[in-house]
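Written out below as structure tokens is the structure these notes cover.
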Amino acid sequence: MEKVIIIRYAEIHLKGKNRGYFERTLCVNLERALKGIRHELHRTSGRYLIANFEDAQTEEICERVSRVFGVHSYSVGLCVPYDTDSIYRAAKEVCPREGSFKVVTHRAEKKYPMTSMELSAHIGGRLLDDFPELRVDVHDPEHTVCLDIRENGTALVFGKFERGAGGMPVGTSGKGLLLISGGIDSPVAGYMMAKRGMTVELLHFHSYPYTNDGAKEKVKELARLLSRYSVSGKLTTLNVAHIQEEIHAKCAAELNVTLLRRFMFRLAEKVAKEMNAKCLVTGESLGQVASQTIEGITSSNAVVSLPVLRPLIGFDKDEIVLVAKKIGTFETSVLPYEDCCTVFLPDFPAIKPKLSFIEEEEKKLDVEALMREAMASKEVFLL
Amino acid sequence: MIYLDNAATTEPNEKALARAVEFTKKNYLNPSALYGGAVSSALKEARESIVSKIADPAQFELVFTSGGTEADNQALLTCGRRNVVLSAGEHAAVYEAGVHLKNGGTELRLAPIGKDGSADPEKLLALVDDRTSLVSVVHVNNETGAVNDIFRLAEQVKKKNPRCVFHSDGVQAFGKLPVRLTKDVDLYSVSSHKIGGLKGTGALVKRKGFALQAFLHGGGQEGNLRSGTENVLGALDFAYAAEEKFKTLKEDFARLEGYRERLWQALDKEIYRRISPPNGSPYILTVAAQGLRGEILQRLCLEREVIVGTGSACSSKKPYSRVIEACGYGKDLLNGVVRLSFSLRTTEEEIAAAAQALNASAQELKIRIG
């Protein structure tokens with residue numbers, strides 16, 4: 001009787017001929033997540049099986065598996081030869097001692113001498129004899145004992161289904177570059193895209209000396225937290241202080257943020273192309289702040305040709321906060337370091353800036369030179 | 001690197017530390033145990049030595065604490081009831097303890113302060129009545145260096161209400177100004193790491209016979225006023241560091257006063273406004289850069305190898321200090337506060353270099369933000 005962790009995958013079964021590719025990627029991601037823990041990972045039809053690990057590490061393995069995208073659900077169970085006595089002994093281990101229950105059987109091995117119904121009834125009957133406090137409820141049971149009869153002469157016996165992270169294996173949906181600030185939203189946006197299988201790279205804009213090292217450290221910590229979800233293991237930063245100074249000195253105050261964002265998008269596109277990323281990802285949510293109106297978004301999009309994905313566009317703040325709490329980035333995001341100094345914030349930012357006005361104001365700046373300077377400030381941190 | 005934030009903390013005195021470590025390594029027994037005699041007598045000596053620096057040990061004694069903050073909290077939270085009078089220039093340890101009392105129903109009365117951060121004695125006294133349980137006035141304002149005449153204040157407070165407790169936070173005064181506590185001062189907080197001792201050690205000096213109440217309860221250490229096994233290393237180091245510091249107190253006072261003025265002279269008056277008064281602590285010079293941000297100046301100075309202090313952090317909610325605001329400065333100066341504070345190690349050359357760095361940083365920032 002061997003302890004195993006059974007992993008079922010999410011949407012991959014919808015894939016046709018590319019299924020092998022998705023399965024292999026998930027396998028690689030699982031191996032990466034379990035790095036440093038002794039285990040064996042087997043791929044069987046429609047599932048993965050983690051075996052040969054130390055009992056004491058069961059929880060740690062489950063914790064890590066729960067963060068791998070593409071995993072629909074997982075269960076801690078027992079792997080036994082598929083004779084009825086062995087199955088019964090395993091079922092007795094995972095079965096509750098009281099309350100209502102039912103036994104569910106799934107047979108991949110269709111030549112098994114008993115039908116699924118027969119096997120469920122047989123094992124259920126023996127469990128009832130052992131534990132008089134139990135009763136059967138096939139419609140709405142408190143507990144379920146699952147028997148999975150495999151084709152290789154073994155059976156998997158388990159009690160609970162734990163929900164996995166869902167989504168697609170990271171790496172199967174191309175690469176995107178996330179513009180990450182120290183706030184609540186952008187880490188959530190990165191998580192959402194990773195969940196859909198995207199390899200997410202990270203870019204942060206700071207404005208030293210107007211922002212401090214605390215702010216940068218905070219973003220590094222957020223990046224580290226995201227890296228648990230297979231998001232990039234490195235963080236790229238660019239300094240936009242001089243761009244802010246120039247905008248502040250030469251352009252209309254109400255456009256400060258709008259113009260800065262256009263620079264950020266241009267710079268991000270350059271960085272994205274360098275790392276072969278196919279899109280930009282931002283944490284924008286429609287109307288949340290002055291620059292996130294449809295006019296603001298239009299003005300930023302106008303300067304880039306890569307698609308800009310905004311997974312949070314229809315989310316309310318409290319919905320974003322819920323996800324941030326779930327993925328563990330909220331606590332860090334609300335640390336009190338400004339990632340943009342208030343020196344450059346106008347009292348009344350333009351909510352609906354006209355593109356023609358923006359472009360007119362931007363002509364006062366040497367965009368190319370400022371871009372070159374910002375690109376030269378590039379730093380890359382390994383997390 | 002030139003370090004001019006000594007009011008935040010200062011370099012430990014090596015000699016004092018070595019002596020304290022040496023003793024502690026050999027004498028590790030619990031001073032409160034029956035057999036812990038040697039440690040217990042060393043602690044007793046340390047206690048008397050520290051008290052004797054600022055008061056007559058026949059009239060004053062002390063309770064070791066984890067620092068100035070704990071000493072202030074013990075004073076306020078155990079003595080404050082009905083109404084409490086504080087100056088608006090108090091350190092956060094006193095002010096926030098006062099706010100805590102207020103939340104519990106005590107009336108909190110804040111006496112206004114002048115442009116230099118010193119308390120206005122008349123206005124403060126006007127707030128004291130026969131229901132006032134405690135008056136607390138900082139001895140040296142930690143943000144501006146202004147010195148309050150706490151002895152005169154204490155006398156006047158007691159005249160008006162003899163039952164009222166008088167406490168003063170002396171953290172920036174101890175070891176820096178000549179101090180002699182008078183009988184009107186009931187409680188006085190001091191801290192070790194501001195004068196070359198270790199962080200995590202301080203004391204609440206109290207008038208003998210004053211019925212202080214315990215703040216931490218337990219094994220009854222510190223005369224049952226502050227339970228918890230004694231921090232022997234910290235306490236001895238505190239006493240030794242104080243010994244070293246007080247040796248040259250008067251000479252240091254005169255020398256640093258000269259440095260402070262020289263630094264002020266060398267600063268660009270087009271940019272910097274002086275907040276510290278000329279008769280304040282020689283250890284602190286606080287200035288404000290008009291229209292600039294102290295926090296950014298601090299980073300630009302750091303690039304020039306000079307560490308300066310600032311009371312504020314860049315936060316959109318409240319970017320400036322409560323105390324400087326209470327001094328009555330406008331927004332253009334509030335954001336630009338820079339605190340320069342000295343130690344015995346500070347040299348004339350450092351003062352000159354720091355002035356240059358401050359001027360150059362301010363010029364750079366002025367040009368950069370237009």
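Residue numbers start from 1 in every chain, and the chains themselves are labelled A, B, ... in the order their sequence lines are given, proteins ahead of strands. Note: hydrogens, waters and symmetry copies are ignored here, and every other heavy atom, side chains too, is used.
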| Atom NZ of A:Lys354: over 12 foreign heavy atoms under 6.0 Å | no
| Exam field: side chain B:Arg299 to backbone A:Thr211, donor-acceptor pair closer than 3.5 Å | yes
| said: Within the structure provided, determine whether A:Tyr208 and B:Ile296 are in side-chain contact (heavy-atom separation under 4.5 Å). | reply: no
| query | For B:Gln356, does the CD atom have more than 12 heavy-atom neighbours from other residues, nucleotides or ligands under 6.0 Å away? | reply | no
| task | Check B:Arg368, B:Glu364, B:Gln298, B:Arg293 against A:Pro209 for a side-chain contact (heavy atoms from CB on, under 4.5 Å) and give me the one that passes. | result | B:Arg368
| Roughly how far, to the nearest 0.5 Å, is CD of A:Glu245 from CD1 of B:Ile369? | 8.5 Å
| Would the number of heavy atoms belonging to other residues, nucleotides or ligands and lying under 6.0 Å from CD of B:Gln265 be above 12? | yes
| message | If you count every heavy atom of other residues, nucleotides or ligands that lies below 6.0 Å from A:Lys352 atom NZ, does the total exceed 12? | response | no
